[in-house]
Amino acid sequence: MTTDLSTKERLMRELIEEIRNCKRCALHKTRRNPVPGEGSLSARLMLVGEAPGYWEDVRGRPFVGAAGKLLNELLSAIGLSRGEVYIANILKCRPPGNRDPLPEEVDACTPFLDRQVELISPRVVVTLGRHSTSYFFSKAGLEFRRMGDVHGKVYKIEVLGVSFSLIPTFHPASALYNPKYRGMIEEDLHVVEDLLRREGIL
Ligand code: URA
């Protein structure tokens, strides 16, 4: 979809308002704030995580806790700031205790993510972890087995009429528990950096 910036801003404002009023699943009862997503509406790179955690729920913004601090560092290592990308999640509301998203929550919530993808129309999507990776794989008709098989690879896909390169990597939270993941995410992001340079985006 080719849309001028002021139309995109209006459509995104409407979408955020819908998310704020959403009661499509039970998570609205326990959330403090929904976390719609944030960043540049002209971003060529979109990052998609899993769901808000404790601090995201408190602040209503994606990736502002410990995993977010690491994500900021990883992005700046490839010359990008948060303001240049768009960051969203599979779920817009925090699952209690940070449990995994339930299939019915994913079904209820992902139409919002789909609209964000259509609106931003990114050239590259980086999925952070297995939940967002399996979501995009299934949309593209690809089989997803495990992150170890797919991370750091470039999948040229078309989803919702938008063609982009999908590059899965591990969730930054995994690097907080096991440092070996940090190196792997860094390597995967260098693949992203090379692609963005080749496409004249960086
Ligand atoms: N983890 C996620 O997947 N998303 C966030 O916004 C924060 C932590």
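When a ligand or atom number is given, it counts from 1 through the structure's own listing order.
Distance alone, capped at 3.5 Å, places no donor-acceptor pair between the Ser121 side chain and the Glu118 backbone. One N or O on the side chain of Ser132 and one on the backbone of Val48 form a donor-acceptor pair closer than 3.5 Å. Side-chain N or O atoms of Asn89 include one that pairs as donor or acceptor with a backbone N or O of Glu50 at under 3.5 Å. A distance-only check finds no donor-acceptor pair linking the side chain of Gln116 to the backbone of Ala88 [under 3.5 Å].
Near ligand 1, residues Gly49, Glu50, Ala51, Glu56, Pro62, Phe63, Asn89, His171 come within 4.0 angstrom through at least one heavy atom.
For CZ of Arg99, the number of neighbouring non-hydrogen atoms (other residues, nucleotides, ligands) closer than 6.0 Å is greater than 12.
Here His131 pairs with nothing under the ring-ring contact (aromatic ring centres under 6.0 Å, His included) rule; sequence neighbours left out.
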